[in-house]
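Scope of the values below: all heavy atoms of this structure, side chains included, with no hydrogens, waters or symmetry mates. Just so it is clear: chains get the letters A, B, ... in the order the sequence lines come, proteins before strands, and each one is counted from 1. Treat the numbers as computed from the prediction; the structure is a model and nothing was measured.
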There are 2 protein chains.
Amino acid sequence: MESRIERIKKQLHGASYKLTPQREATVMVLLENEEDHLSAEDVFLLVKERAPEIGLATVYRTLELLTELKIVDKINFGDGVARYDLRQEGATRFHHHLICIECGSVDEIQEDLLGEVEKIVETRFQFTVKDHWLTFHGICKRCKQKENKKK
Amino acid sequence: MESRIERIKKQLHGASYKLTPQREATVMVLLENEEDHLSAEDVFLLVKERAPEIGLATVYRTLELLTELKIVDKINFGDGVARYDLRQEGATRFHHHLICIECGSVDEIQEDLLGEVEKIVETRFQFTVKDHWLTFHGICKRCKQKENKKK
DNA sequence: ATTACTGCAAAGCCTTTGCATGTTC
DNA sequence: GAACATGCAAAGGCTTTGCAGTAAT
């Protein structure tokens, strides 16, 4: 069984890029923190632990490259910082996010809930959908439980 | 019949803010360009035409204020610039956007297509939805027509 | 008078770029 | 050795902040 990193390596080679040690370290950090939504700075600090010589610019360049190849998605939750999120292998659409306005947590919904909505958009607005970005703002499960305990 | 600007004035007063000439000019620009997605700089240039003394910082502060009061929504389409979009009166949810990857146009869908999806999110993920952000990327009606004409 | 608001310029922050050095095939 | 990739520092672009002056109650 081929590993995820090997498949990413092939993807890079296919686009005539190399998987340098710095790029590999960056990808590893993303794989190990798949649940998180790391900023370039976050990634940089984590990559430094395994490749101390790396520069911030290289991290930015690598993240840009991975975004271009659709290996990661670049998102902005409105705080002025770009965050990077690994795309599920083979996914044609970006997954959805749940942002809690109480605790700031960001959860993911991997399942695509927009199938029907996209059909409406395609027919009613004659817009051919290639991808989507969907984020909900509200109160997460954990914060609601906390609220209930107080009562 | 009360005008939109008067209602916004009352909203400001209700939150103990004043509708100064600068703020009024800014709101007027937003009302007159309701279809667009103006950046702070865009707003600044347009406001200057009717209030030449205004400073960019005041525009930023006004837009922040209007965002806080939910009169406008601040959005980021991924180009590193914040854009400001008037919220429909009485709307509890932000409207959807269609971004064309060919021509860069941004269209709006005022109708809320997420009713059913929100129900799923609420029950399956126990997340109480307060608002949502939905953007589609794809090819707009106009670009598709252009493509067809070529053939 | 006190409080809110403005304009200007400076500072801040995130991100990109230029360039010399290093690496790879 | 030609093309690509890196690290550092500098530059860039958008946004916020400090502060002195102005307006409003």
Sidechain N-carboxylate O distance under 4.0 Å for [X], [Y]:
| X | Y | answer |
| --- | --- | --- |
| B/Asp131 | B/Arg87 | yes |
| A/Glu116 | A/Lys119 | yes |
| B/Arg124 | A/Glu111 | yes |
| A/Arg93 | A/Glu118 | yes |

Measure from [atom1] on [X] to [atom2] on [N] and round the result to the nearest Å.
| X | N | atom1 | atom2 | answer |
| --- | --- | --- | --- | --- |
| B/Glu53 | D/dA23 | CD | C1' | 13 Å |
| A/Ile54 | C/dT21 | CD1 | C1' | 16 Å |
| B/Asp79 | D/dC14 | CG | P | 9 Å |
| B/Phe44 | D/dG13 | CZ | C1' | 15 Å |
| A/Leu63 | C/dT16 | CG | C1' | 13 Å |
| A/Tyr60 | C/dT17 | OH | P | 13 Å |
| A/Gln22 | D/dT6 | CD | P | 5 Å |
| B/Leu56 | C/dA10 | CG | P | 15 Å |

- Query: Taking for each residue the nucleotide of DNA chain D with the nearest heavy atom, is it A/Ala51 or B/Ala57 whose nucleotide lies nearer the 5' end?
  - Reply: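 The residue whose closest nucleotide sits nearer the 5' end is A/Ala51.
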
- Query: With nearest nucleotides of DNA chain D determined for B/Ala82 and A/Thr62 from heavy-atom distances, which residue corresponds to the more 5′ nucleotide?
  - Reply: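 The 5'-side residue here is A/Thr62.
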
- Message: Looking only at side-chain N and O atoms, does A/Gln88 offer a donor or acceptor that is under 3.5 Å from a partner on A/His95?
- Response: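 Looking only at side-chain atoms, A/Gln88 and A/His95 do not form any donor-acceptor pair under 3.5 Å.
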
- Message: Looking at D/dG7, I'd like to know if its phosphate oxygens (OP1 or OP2) sit under 4.0 Å from a side-chain N or O belonging to A/Thr58.
- Response: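 The answer is yes; a side-chain N or O of A/Thr58 sits under 4.0 Å from OP1 or OP2.
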
- So does A/Thr20 get a side-chain nitrogen or oxygen closer than 4.0 Å to the phosphate oxygens (OP1/OP2) of D/dT6?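 It does, given that an N or O in the side chain of A/Thr20 lies less than 4.0 Å from OP1 or OP2 of D/dT6.
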
- Message: Classify A/Glu41 by what it touches in the nucleic acid, base, sugar-phosphate, or nothing, heavy-atom distance under 4.0 Å.
- Response: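 Nothing: the residue A/Glu41, judged by heavy atoms under 4.0 Å, touches no strand.
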
- Could you check whether B/Arg61 gets within reach of a base, just the sugar-phosphate, or nothing at all, counting any heavy atom under 4.0 Å?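 Result for B/Arg61 = base.
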
- Message: Taking the minimum atom-to-atom distance to the side chain of B/Lys74, which one of D/dA5, C/dT15, D/dT16 wins?
- Response: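 The nucleotide sitting nearest to the side chain is D/dT16.
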
